[in-house]
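A short write-up of the structure that comes next.
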Amino acid sequence: MLWSPAVTKTFSPDAPLVPLLEQMSRDMAVPVEGLVNQALFTWARLHGYAEPTAPAPAPAPTKVPPPPEPKEPETTRVPIVEEPHWTLAAGGSFGHEAVPDTTAPSLKKARQVVLVLSDREVVVDADRFLVGRDVSCDLTIDSARISRQHAVISLGPDVVELEDLKSSNGTWFEGQRVTRRELQDGDEVHFGDVAVRISFR
């Protein structure tokens with residue numbers, strides 16, 4: 001039951017609660033009706049007549065999206081910022097021994113297969129000679145356009161064969177991309193954009 005003016009008529013002026021309520025109303029600047037209503041509500045809640053007011057639910061935390069992952073650089077568009085550096089693993093050696101010249105070089109008469117790179121020469125002295133950017137290759141070419149294992153030169157009993165190992169920037173001969181080719185003396189091939197001349201000696 002809430003406080004109303006009709007309720008005050010049921011109280012005797014001599015009742016001890018009336019002066020007390022009036023004094024509390026003056027001290028707290030709250031109407032007498034408000035004090036009585038608050039007291040009734042508290043009594044009802046303590047005795048199970050009213051449910052306690054539930055606190056307002058906390059707002060859900062705002063989800064922050066993760067930052068986007070950086071894109072992988074496209075290897076086919078990476079420019080060469082420095083001149084290639086030629087290094088050599090155990091399968092070959094810079095330079096070559098002097099051998100007698102032949103009037104008609106051919107594979108059967110060839111004493112060596114030599115790769116001529118700019119001002120350097122590399123002797124192919126393994127039956128399977130691997131060319132690439134990785135240090136485990138027989139010929140390591142430090143260039144951004146060379147794949148880790150770019151191509152392989154195979155020395156057979158009758159032919160010298162070049163095979164591209166699915167490189168990103170390709171192996172080229174006379175402007176055409178090749179996957180496999182028999183090499184001839186004087187051929188010039190490109191690993192990516194690195195020119196290599198083949199010499200039989």
Side-chain angles (χ1 to χ4, degrees), residues 28-30 34 37-38 41-94 113-156 160-183 187-198:
M28 302 172 63
V30 176
N37 288 339
Q38 181 64 36
F41 177 76
T42 302
W43 186 92
R45 185 177 60 184
L46 292 176
H47 291 81
Y49 290 95
E51 294 293 331
T53 304
T62 304
K63 293 184 178 180
V64 179
E69 297 184 1
K71 294 182 179 180
E72 291 290 332
E74 298 184 15
T75 56
T76 57
R77 298 182 182 177
V78 176
I80 297 177
V81 295
E82 295 181 358
E83 290 296 325
H85 300 285
W86 317 112
T87 57
L88 189 66
S93 59
F94 286 127
V113 177
V114 179
L115 306 181
V116 181
L117 308 101
S118 184
D119 59 344
R120 296 174 176 83
E121 295 184 350
V122 180
V123 177
V124 178
D125 57 1
D127 292 340
R128 180 178 169 83
F129 193 86
L130 190 60
V131 179
R133 193 175 74 247
D134 195 86
V135 295
S136 65
C137 294
D138 299 301
L139 173 61
T140 301
I141 302 177
D142 184 14
S143 171
R145 298 185 67 84
I146 301 294
S147 297
R148 289 185 176 87
Q149 292 188 348
H150 197 98
V152 63
I153 297 174
S154 301
L155 301 182
V160 178
E161 192 173 56
L162 171 67
E163 179 184 359
D164 181 80
L165 299 179
K166 298 181 180 179
S167 61
S168 298
N169 294 299
T171 300
W172 303 80
F173 177 75
E174 294 184 348
Q176 300 293 323
R177 188 165 184 166
V178 298
T179 56
R180 187 185 298 269
R181 171 179 169 77
E182 180 181 344
L183 293 175
D187 283 353
E188 183 173 280
V189 297
H190 286 76
F191 301 118
D193 60 354
V194 177
V196 177
R197 183 168 57 85
I198 309 301

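Throughout, numbering of the chain's residues begins at 1 and tracks the sequence. Since we're looking at a predicted model, the values are computed, not measured. Note: hydrogens, waters and symmetry copies are ignored here, and every other heavy atom, side chains too, is used.
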Exercise. So which heavy atom on W172 is nearest to which on G192, and how close?
Worked result: CD1-O, 3.8 Å

Exercise. Are L155 and F129 side-chain neighbours, meaning at least one heavy-atom pair lies under 4.5 Å?
Worked result: no

Exercise. Which residues pass the side-chain contact (heavy atoms from CB on, under 4.5 Å) test with R128, sequence neighbours left out?
Worked result: V152

For this session: Heavy atoms only: give me the nearest Q149-C137 pair and the separation to one decimal.
Result: CG-SG, 4.3 Å

For this session: Kindly give the heavy-atom pair with the smallest separation between A195 and H190, and that separation in Å.
Result: CB-NE2, 3.5 Å

For this session: Considering non-hydrogen atoms only, spot the tightest contact between N169 and A144 and give its length.
Result: ND2-O, 4.5 Å

Problem set entry | Heavy-atom pair with the smallest gap, counting every atom of D134 and T140 | O-OG1, 3.0 Å

For this session: Kindly say whether L130 contributes a backbone atom to a donor-acceptor pair with the side chain of H150 at under 3.5 angstrom?
Result: no

Problem set entry | Side-chain touch I198/V160, heavy atoms, less than 4.5 angstrom | no

Exercise. Pairs in or reaching into residues 164-179: which pass salt bridge (charged side-chain N to carboxylate O under 4.0 Å, His left out), with residues at least two apart or in two chains?
Worked result: none

For this session: Look up atom CG in L139 and atom CZ in F191, then write down how far apart they are to the nearest 0.5 Å.
Result: 7.5 Å

Problem set entry | side-chain hydrogen bond (donor to acceptor under 3.5 Å, both in side chains) partners of E163, counting only residues at least two apart | R180

Exercise. What distance do D127 atom CG and I153 atom CD1 have between them, rounded to the nearest 0.5 Å?
Worked result: 12.5 Å

Problem set entry | T171 (side chain) donor-acceptor with V178 (main chain) under 3.5 angstrom | no

For this session: Could you list the residues that satisfy salt bridge (Lys or Arg N to Asp or Glu O under 4.0 Å) with E188, not counting sequence neighbours?
Result: none

Exercise. Got a sec, which residues hit side-chain contact (heavy atoms from CB on, under 4.5 Å) with V116, two or more places apart in sequence or on another chain?
Worked result: V114, E121, R197, S199, R201

Exercise. Do D187 and R181 have side-chain heavy atoms sitting under 4.5 Å apart?
Worked result: yes

